[in-house]
Amino acid sequence: MLYFYKKIIFQFLIFIVSVGYLVTAINIGSPVLNGGLQPSFFPLIIGSLAVMFSGILLFKEWVLVKRRAADAGDESKPYAAPIIVCLIFIYIIAFSTIGYFIPSVLFVFSMMLMFSSKEKFVQKAIISIVIVALGHLIFELLFGVRLPTLRG
Amino acid sequence: MEFIILVVTSFKTLLDPLVLTYVIAGFIIGTVFSAIPGLTATLALALLLPLTYSLDVTTALMACASIYMAGMCGGSITATTINIPGAPSSMMTALDGYPMQQQGKGALALGHAAIGSMVGGALGAMLLIGLAPFIAEASLLVQTTGKFSLLAFAVIVIVIAQRGKMIKAAMAACIGLMLATIGLDAMEPVTRFTFGFSDLTAGIDLMPVIIGTFAISEILIQVGAKKEARQTTEAMSKVKIRRRDFIPPLADIRKIGVVCYVKSSLIGYFVGTLPGAGGSMGSFLAYVETVRTSSNPDSYGKGNPKGIAASESANNAVCGGALVPMLTFGIPGDPITAIMLGVLVINGIQPGPQLMAGQADLIAPVLASLLFSAVILIPLTLFLLGPYFIKIVAIRKDVLYGSIALLAVVGSYVATYSTFQMMMALALGVLAYYMRKNDFPIITMLLGFILGPNLEEFLRRSLALSNGNPMTFFTSLDSLFFVVLTLVFVYFLAIKKPLKQPASKAQSSEEVI
């Protein structure tokens with residue numbers, strides 16, 4: 001049952017977003033006014049096509065998933081991707097408030113832990129500091145970017 | 001002829017030590033990224049995109065060209081040594097490369113791959129240099145209605161090229177087009193789909209789209225990948241390669257024959273001109289053609305160097321072909337040319353029919369870099385760095401992805417110095433991740449996003465010029481040409497029974513892209 005929801009939910013979300021897009025496009029205004037095309041014209045076409053394609057996909061997935069519901073999931077770490085998304089989100093918030101260095105070291109360190117076994121913490125911490133220092137050099141010197149600091 | 005002379009004189013740009021450093025560094029980075037299973041040259045280019053803000057556009061594009069060429073040949077390293085193509089374009093190389101490795105001729109197989117890549121890359125680049133000005137001249141004949149039909153043709157062809165998942169490809173293109181409509185309307189002072197967020201008024205920047213689509217989604221895919229796929233480093237560390245074994249005997253090259261190299265390169269070049277076809281299709285068709293015309297077809301798949309030569313010549317010739325629609329019409333055919341187009345857009349250069357005529361001095365050094373990468377850098381890199389490549393690509397995955405994550409997230413900050421763009425890159429990365437997990441080809445989303453604004457503009461202008469009469473798309477000759485071309489492609493790619501590609505052992509990320 002869980003597999004069923006997992007497979008169908010993305011198609012369902014796409015369908016909902018497509019319908020939402022189409023409704024918003026309709027609310028922009030009339031597609032044609034005084035013989036001229038208006039800003040809603042193109043979104044209305046795209047929205048209609050999106051609703052049609054996402055509807056077909058939702059129906060096809062519904063039929064397919066019911067048939068192969070016995071198949072197991074294909075991931076060895078099902079929660080790894082959501083954890084990474086949370087890490088990146090927290091990093092972006094910290095990056096803009098605390099600055100580049102400390103959040104970046106913690107971010108790279110936690111990313112390294114996600115891609116390896118939970119051991120050799122000191123070695124990983126040192127590597128993280130080196131990566132962040134190199135990153136600073138690349139961005140500040142090579143890319144010419146002023147990275148945020150604690151003082152703004 | 002004038003353009004050819006301009007390209008030849010552009011070689012002097014490579015004498016600038018800074019430009020040469022970027023071109024060589026780009027080539028090495030492209031080779032390493034395409035050799036590591038799971039990473040791609042597209043990812044390398046996406047990560048290096050922020051660099052274009054500090055470099056001049058010519059140098060940035062020259063580095064892009066060398067990454068592109070490297071990306072096509074780098075995949076042959078792991079395809080040959082451990083039977084896992086680093087890039088899908090090297091899938092056919094593995095069929096004969098790995099059996100040669102098992103026979104103790106791995107280095108020789110890599111040598112043949114390098115020669116094939118060199119010949120294919122050089123012929124592709126020369127054809128591009130020779131033909132592009134004529135195509136560019138012809139492209140100037142295309143008027144507003146024709147431009148819309150041409151863009152629609154590109155979107156339709158790239159959708160129908162995704163055989164077996166056409167509806168998903170069409171949906172992905174719609175998502176790209178939907179994203180492109182966010183922000184201020186191009187012709188009227190009306191904001192669309194901003195939902196009160198002032199940051200969205202100017203629309204979504206290309207940088208977070210590229211970084212989210214190619215870098216962040218890749219990190220999310222790789223972290224959930226099975227251990228088996230991430231433990232190729234152990235297999236790599238066992239492979240020993242000596243430098244002196246790289247050079248194939250002249251007799252072997254004669255046996256392969258000029259015809260095989262040239263024919264495969266031509267196939268690759270013309271496949272490259274089609275949006276969405278890419279290196280894997282080019283090498284597949286060239287390989288099939290070589291087997292078909294061979295007097296000893298049973299020897300293929302068992303270590304025949306001719307198979308490697310055909311595959312590698314074709315996939316490197318694709319580089320030249322894929323740049324034709326990008327440079328002449330502003331239509332990218334694959335993710336790398338899409339990012340190159342992004343470099344132009346970021347620097348305020350309008351891609352399209354006028355580009356070759358108005359900015360020939362900008363384009364000529366790029367083509368010179370492409371040719372230089374094929375003729376000089378491919379053999380030189382293999383000879384100098386070949387024995388160490390296996391060690392380089394066996395880099396620790398935690399260090400690699402830690403660095404990639406930092407470059408990707410901070411890189412998305414560079415475009416506007418705003419955390420909003422970073423959040424946008426994350427959101428689009430998550431979207432691309434779920435699309436890839438559900439087998440949606442994200443290249444069609446990217447092309448929809450890139451081509452969307454022009455598609456809308458030319459549609460509205462065409463209909464305004466014809467007082468709203470849609471028959472204008474069939475009555476104007478340039479438009480009718482592309483309508484007929486679209487129908488021909490729909491017939492051959494979507495209706496007629498397609499050729500089947502053999503299943504690849506590697507599930508390289510670019511296959512999903």
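Here the structure is a predicted model, which means the values were calculated and not measured. So that the names make sense, note that chain A is the first sequence line, chain B the second, and so on, each numbered from 1.
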Identify which part of [X] has an atom lying under 4.5 Å from any heavy atom of chain B, answering side chain, backbone, both or neither.
{"X": "A:Leu49", "answer": "both"}
{"X": "A:Gln38", "answer": "both"}
{"X": "A:Ile45", "answer": "side chain"}
{"X": "A:Phe89", "answer": "both"}

With chain B as the partner, which of [options] has the greatest number of non-hydrogen pairs under 4.5 Å?
{"options": "A:Ile92, A:Val17, A:Thr24", "result": "A:Ile92"}
{"options": "A:Gly47, A:Ser110, A:Ala25", "result": "A:Ala25"}
{"options": "A:Gly135, A:Ser128, A:Pro43", "result": "A:Pro43"}

How long is the straight-line distance from [atom2] of [Y] back to [atom1] of [X], given to the nearest 0.5 Å?
{"X": "A:Phe42", "Y": "B:Met187", "atom1": "CZ", "atom2": "CE", "value": "12.5 Å"}
{"X": "A:Ile88", "Y": "B:Met423", "atom1": "CD1", "atom2": "CE", "value": "10.5 Å"}
{"X": "B:Asp398", "Y": "A:Lys124", "atom1": "CG", "atom2": "NZ", "value": "5.5 Å"}
{"X": "B:Tyr434", "Y": "A:Leu13", "atom1": "OH", "atom2": "CG", "value": "10.0 Å"}
{"X": "B:Lys168", "Y": "A:Ile56", "atom1": "NZ", "atom2": "CD1", "value": "13.0 Å"}
{"X": "B:Leu459", "Y": "A:Leu37", "atom1": "CG", "atom2": "CG", "value": "6.5 Å"}

Any [X] side-chain heavy atom under 4.5 Å of [Y] side chain:
{"X": "A:Leu57", "Y": "B:Phe440", "result": "yes"}
{"X": "B:Arg396", "Y": "A:Ser116", "result": "no"}
{"X": "A:Val85", "Y": "B:Tyr433", "result": "no"}
{"X": "A:Phe115", "Y": "B:Gln222", "result": "yes"}
{"X": "A:Glu61", "Y": "B:Asn438", "result": "no"}
{"X": "A:Phe10", "Y": "B:Met435", "result": "yes"}
{"X": "A:Pro39", "Y": "B:Arg460", "result": "yes"}

Mind ranking [options] by heavy-atom pairs under 4.5 Å with chain A and telling me who comes out on top?
{"options": "B:Leu407, B:Leu455, B:Leu406", "result": "B:Leu406"}
{"options": "B:Ala180, B:Ser403, B:Gly448", "result": "B:Ser403"}
{"options": "B:Gly468, B:Ala170, B:Ala173", "result": "B:Ala170"}
{"options": "B:Val410, B:Asn467, B:Leu431", "result": "B:Val410"}

On a heavy-atom basis, which atom in [X] and which in [Y] lie closest, and how many Å separate them?
{"X": "B:Leu220", "Y": "A:Ala81", "result": "CD2-O, 3.6 Å"}
{"X": "B:Ala405", "Y": "A:Met111", "result": "CB-CE, 3.5 Å"}
{"X": "B:Met178", "Y": "A:Ser18", "result": "CE-CA, 4.1 Å"}

Given that the side chain runs from C-beta out, which part of [X] has a heavy atom under 4.5 Å from chain A: side chain, backbone, both or neither?
{"X": "B:Val190", "result": "side chain"}
{"X": "B:Ile175", "result": "side chain"}
{"X": "B:Phe420", "result": "neither"}
{"X": "B:Ile216", "result": "side chain"}
{"X": "B:Val399", "result": "both"}
{"X": "B:Leu426", "result": "side chain"}
{"X": "B:Met422", "result": "both"}
{"X": "B:Ala464", "result": "neither"}

So, A:Phe139 versus B:Tyr413, ring centres under 6.0 angstrom or not?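 Centroid distance A:Phe139-B:Tyr413: not below 6.0 Å, so no.
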
Parallel, tilted or perpendicular, as decided by the 30° and 60° cut-offs, for the rings of B:Phe193 and A:Tyr21: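 Parallel.
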
Is it true that, when you exclude A:Leu134 itself, more than 12 heavy atoms of the residues, nucleotides or ligands shown sit nearer than 6.0 Å to its CG?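 Yes, the 6.0 Å shell around CG holds more than 12 heavy atoms from other groups.
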
Is it the case that more than 12 heavy atoms not belonging to B:Phe197 sit under 6.0 Å from its CZ atom?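 No, CZ of B:Phe197 has 12 or fewer neighbouring heavy atoms, counting only those of other groups under 6.0 Å.
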
